[in-house]
Amino acid sequence: MSEPIRIANCSGFFGDRPSGALEMVEGGPIDVLTGDWLAELTMLILSRIRAKRAKGGFARTFVAQMEQVMGTCLDQGIKVVSNAGGLDPDGCADAVREVADRLGLSPTIAYVNGDDLMPRVVELAESGALAPFGAATELGDPAKFLTANAYLGCFGIVDALTKGADIVITGRVTDAAVTCGPAAWHHGWSRTDLDQLAGGVVAGHIIECSAQVTGGNYSFFHEIEGRNEVGGGARFGFPWAEVAADGSCVIGKHEGTGGTVNVETVTSQLLYEIGGPEYLGPDVTARFDTIQVEQVERDRVRVHGTRGQAPPSTLKVAMNELGGYRNSFTVALTGLDVDEKAAFAEAAFWDACPYGPDDFAFIENKVVHTNKHDPATQEEATAIWRVTVKDPDERKVGRAFADAMVHTVLAGIPGMYGLGGGPSPASPFGVYRPATVPADLVPQYVHVDGTTTQIDSSAPTTLADTVPAPGGGQVAPDVMAHDRTGEPLVEAALGEFVGTRSGDKGGDANLGVYARSDAGWAWLDAELTVERLQELLPETAALIVDRHRFPNLRSLNFVVRGLLQEGVAASTRQDPQAKALGEWLRARVVTVPEAVLS
């Protein structure tokens, strides 16, 4: 049996800490350096970069990192696998090759593509092969798409590493593929090793967002030692996964780095941006309701027991189109009579604006009561009024809209001033549209040393597709049968006994909630129903909410459909990615048995 392989992460998004690669290569032993640069929004950003610079739709920050660590990686035999190729993996490979030439190095550089469906997206849509992702989504007009990329699996990466690549650059593969690929290559996993592949996917999912598993975005951050030490513990280390031949892994970080790795940081990340227990992917469906997590030593968590089943016959496709143009302004409402001031300011604005509310494709008019009673500071006396508009006509939402607010400042409410700068022109926004496409229509192409190999994306048809799903019901019978009659009750914020991790999945928000104890889980599972969640978070009340149970993790996951409108780039929420949705929930006060807080 092969030895475990230590796979490190140095980036969780396009904009992560640029020193991450150097920290992971020089901070301790690793076998593979990986990073995730791509998100749904990133593909839209890269499309704008490519429009200005041909073949430039990749993450140039990755190229800069390669300049820092390429020599050391080659000397120590550290493989590099990255999805920083974005929309132009070949362009990224060329840029990395230029760096190698400048450094006098000769790595074998491979790139994997085939994910870009733009050249044939209209044809796929017209034939019906490109289908909306779920009944509640629309395909949109393929002729207007700016990007259309299928999520490829890990076996193109496996092929590149088998052919001797030192650096593998991909386009749109799944976030977990950059970890699962090296693990499958090292251990010799085949497409039929579903449990092992599922374990590799879980390892990749845990480390893909860099420091989010080492203490970043952790609900109980105040328990992390040294978190406020500038130049020390305030800089959380990036994670690694030591993946064993059976698919189990140990999650850790380099010694002496800030942050923490514990059962709860791992559980939080497991719940991030998922749906139900079946985590669908191009290589395997990982059963998240079978995962077991245990602390084995300080900053070392073992993840094991993950079962896998056959992947779907389709691949997910992420598409972005230009949705139109948007603009907004924010006005301070200070002191008394806040609502009356908002109504007067609104009337004065529309009187000055050459367009009326009905002239815009979308308008959001909101008063946010951040003001306090008997305020001790001017900030505490201030509420805000915000207006956001969207429309296909750039002129309509441009300066004509923004300037109208300025025209009222001397003839409007007392104490009027704007927040966030002066009037601005309209800005374009993108609309995210998910879809599916048959996997057999989207092969991967692996390019190494001037040769190209085609790798099928479809899984073998002989794979079994059923795995027991423990705890898959709505409420566990043992929880419902627990009688709390006579127990003393107390009022407490949910965050005193549960942690959360929330984020975006297209236009939907995902909200994972986990309990810190068995007593907390008993209460959480029985009490936090969809209806109760909608009471606690009124913004979700009119939306469809799916509830999923993970008793193995003492966790629930809620998917709030449509909370983020047409996706992050189009959302008008103050928190367009729902990153703080969980912290809002934790701030709500509930009545619980006293034992839950023990």
Side-chain angles (χ1 to χ4, degrees), residues 211-228 233 236 259-272 274 293-295 298 301 370 372 471 475-476 478-480 482-503 509-541 545 547-560 575 578-598:
Q212 278 200 168
V213 73
T214 61
N217 282 324
Y218 176 39
S219 292
F220 301 99
F221 72 96
H222 54 275
E223 298 177 1
I224 300 175
E225 297 177 4
R227 66 187 180 278
N228 295 334
F236 290 0
T260 186
V261 179
N262 61 36
V263 167
E264 292 186 14
T265 65
V266 171
T267 297
S268 298
Q269 187 57 25
L270 284 170
L271 295 173
Y272 185 59
I274 64 170
V293 181
E294 61 176 323
Q295 194 86 38
R298 182 183 176 90
V301 172
T370 53
K372 296 181 180 180
V475 180
D478 59 326
V479 172
M480 289 300 289
H482 181 60
D483 185 4
R484 298 185 180 86
T485 303
E487 289 188 36
L489 301 176
V490 295
E491 285 195 341
L494 266 170
E496 293 187 37
F497 62 96
V498 305
T500 60
R501 177 65 55 83
S502 58
N510 131 265
L511 170 55
V513 187
Y514 68 88
R516 308 195 85 183
S517 66
D518 289 339
W521 166 241
W523 183 92
L524 185 69
D525 195 29
E527 301 294 335
L528 194 57
T529 61
V530 168
E531 293 74 20
R532 185 70 175 115
L533 180 80
Q534 291 174 319
E535 292 174 4
L536 293 168
L537 304 181
E539 188 182 358
T540 70
V545 179
R547 180 185 191 265
H548 303 284
R549 301 177 69 250
F550 298 86
N552 53 313
L553 302 173
R554 294 194 303 215
S555 302
L556 301 173
N557 188 55
F558 296 91
V559 180
V560 185
D575 175 17
K579 297 295 186 183
L581 186 65
E583 289 301 294
W584 175 23
L585 178 66
R586 293 182 69 241
R588 296 307 310 266
V589 175
V590 295
T591 301
V592 297
E594 195 171 43
V596 169
L597 303 181
S598 305

Asks: Has the side chain of Asn510 got a donor or acceptor atom that lies under 3.5 Å from a matching backbone atom of Leu271?
Replies: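 Checking the backbone N and O of Leu271 against the side chain of Asn510, a donor-acceptor pair under 3.5 Å is found.
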
Asks: Check each of Leu553, Leu556, Val498 against Trp521 using the side-chain contact (heavy atoms from CB on, under 4.5 Å) test, and report the only one that passes.
Replies: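 Single side-chain contact (heavy atoms from CB on, under 4.5 Å) partner of Trp521 among Leu553, Leu556, Val498: Leu556.
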
Asks: So, Glu264 and Arg516, do they make that salt bridge, N to O below 4.0 Å?
Replies: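 Salt bridge: yes.
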
Asks: Would you please name every residue forming a side-chain hydrogen bond (donor to acceptor under 3.5 Å, both in side chains) with Glu594, sequence neighbours left out?
Replies: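 Checked Glu594 against side-chain hydrogen bond (donor to acceptor under 3.5 Å, both in side chains); zero matches.
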
Asks: Does the side chain to side chain contact (heavy atoms under 4.5 Å, CB included) test come out yes or no for Val490 and Val592, once each step is laid out?
Replies: CA-CA 6 Å; Val490 295; Val592 297; 4.1 Å; yes

Asks: Is a donor on one side and an acceptor on the other found under 3.5 Å between the side chain of Ser219 and the backbone of Gly499?
Replies: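 Checking the backbone N and O of Gly499 against the side chain of Ser219, no donor-acceptor pair under 3.5 Å is found.
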
Asks: Mind checking salt bridge (Lys or Arg N to Asp or Glu O under 4.0 Å) for Glu539 and listing every partner two or more places apart, or none if nothing turns up?
Replies: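 Only Arg573 meet the salt bridge (Lys or Arg N to Asp or Glu O under 4.0 Å) criterion with Glu539.
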
Asks: For the residue pair Thr540 and Phe558, establish whether any side-chain heavy-atom pair is separated by less than 4.5 Å.
Replies: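 The answer is no, as the side chains (C-beta and beyond) never meet within the 4.5 Å cut-off.
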
Asks: Is there side-chain contact between Val590 and Glu491, with at least one heavy-atom pair below 4.5 Å?
Replies: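 Side-chain contact under 4.5 Å: no.
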
Asks: Ignoring hydrogens and geometry, is there a side-chain-to-backbone donor-acceptor pair from Thr265 to Val261 under 3.5 Å?
Replies: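 Here the side-chain-to-backbone pair does not exist.
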
Asks: Kindly compute the distance separating CG (Leu524) from CG (Asp518), expressed to the nearest 0.5 Å.
Replies: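 CG of Asp518 is found 12.0 Å from CG of Leu524.
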
Asks: Taking the side chain as every heavy atom from C-beta outward, state whether Val513 and Ser555 have any atom pair closer than 4.5 Å.
Replies: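 No; the side chains remain at least 4.5 Å from each other.
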
Asks: Holding to salt bridge (Lys or Arg N to Asp or Glu O under 4.0 Å), I want the full list of residues that pass it with Arg227, two or more places apart in sequence or in another chain.
Replies: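 By the salt bridge (Lys or Arg N to Asp or Glu O under 4.0 Å) rule, Arg227 matches no residue at all.
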
Asks: To the nearest 0.5 angstrom, please state how far the CG atom of Asn552 sits from the OG1 atom of Thr267.
Replies: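 That separation rounds to 9.0 Å.
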
Asks: So do Leu494 and Trp584 actually touch side chain to side chain, heavy atoms under 4.5 Å?
Replies: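 No, side chains not in contact.
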
Asks: Mind listing the closest non-hydrogen atom pair of Gly582 and Ser502 along with its distance?
Replies: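 Looking at all heavy atoms of both residues, the closest pair is N-OG, 3.1 Å.
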
Asks: Take Glu583 and Thr500 through the test side chain to side chain contact (heavy atoms under 4.5 Å, CB included) and record every step on the way to the result.
Replies: CA-CA 7 Å; Glu583 289 301 294; Thr500 60; 3.6 Å; yes

Asks: May I have the step-by-step check of side chain to side chain contact (heavy atoms under 4.5 Å, CB included) for Leu270 and Phe550, ending in yes or no?
Replies: CA-CA 11 Å; Leu270 284 170; Phe550 298 86; over 6 Å; no

Asks: Rounded to the nearest 0.5 Å, how far apart are CZ of Arg547 and CZ of Arg532?
Replies: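 Arg547 CZ to Arg532 CZ: 13.0 Å, rounded to 0.5 Å.
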
Asks: Any side-chain heavy atom of Thr260 within less than 4.5 Å of one from Glu223?
Replies: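 In short, these two side chains do not touch, never coming nearer than 4.5 Å.
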
Asks: Quick one: list whatever passes side-chain hydrogen bond (donor to acceptor under 3.5 Å, both in side chains) with Asn262, sequence neighbours left out.
Replies: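 So Asn262 forms no side-chain hydrogen bond (donor to acceptor under 3.5 Å, both in side chains) with any residue.
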
Asks: Any heavy-atom pair between the side chains of Tyr514 and Arg501 that's under 4.5 Å?
Replies: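 A side-chain contact under 4.5 Å is absent here.
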
Asks: Between atom CG of Asn557 and atom CD1 of Ile274, what is the distance when rounded to the nearest 0.5 Å?
Replies: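 Between atom CG of Asn557 and atom CD1 of Ile274 there are 4.5 Å.
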
Asks: Among all residues two or more places apart in sequence or in another chain, which pass the salt bridge (Lys or Arg N to Asp or Glu O under 4.0 Å) test with Lys372?
Replies: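 Expected list: Glu380.
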
Asks: Mind listing the closest non-hydrogen atom pair of Ala519 and Ala595 along with its distance?
Replies: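 Shortest heavy-atom contact: CB-O, 4.1 Å.
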
Asks: Taking ring-ring contact (aromatic ring centres under 6.0 Å, His included) as the test, write out the residues that go with Phe497, two or more places apart.
Replies: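 Partners of Phe497 under the ring-ring contact (aromatic ring centres under 6.0 Å, His included) test: Trp523.
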
Asks: Would you check if Leu528 and Leu536 make a side-chain contact, meaning some heavy-atom pair closer than 4.5 Å?
Replies: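 Contact flag for Leu528/Leu536 side chains = yes.
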
Asks: Is a side-chain N or O of Ser268 found less than 3.5 angstrom from the main chain of Tyr218, in a donor-acceptor match?
Replies: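 Pair absent, no side-chain N/O of Ser268 close to backbone of Tyr218.
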
Asks: Are any non-hydrogen side-chain atoms of Lys579 and Asn217 less than 4.5 angstrom apart?
Replies: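 Not in contact.
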
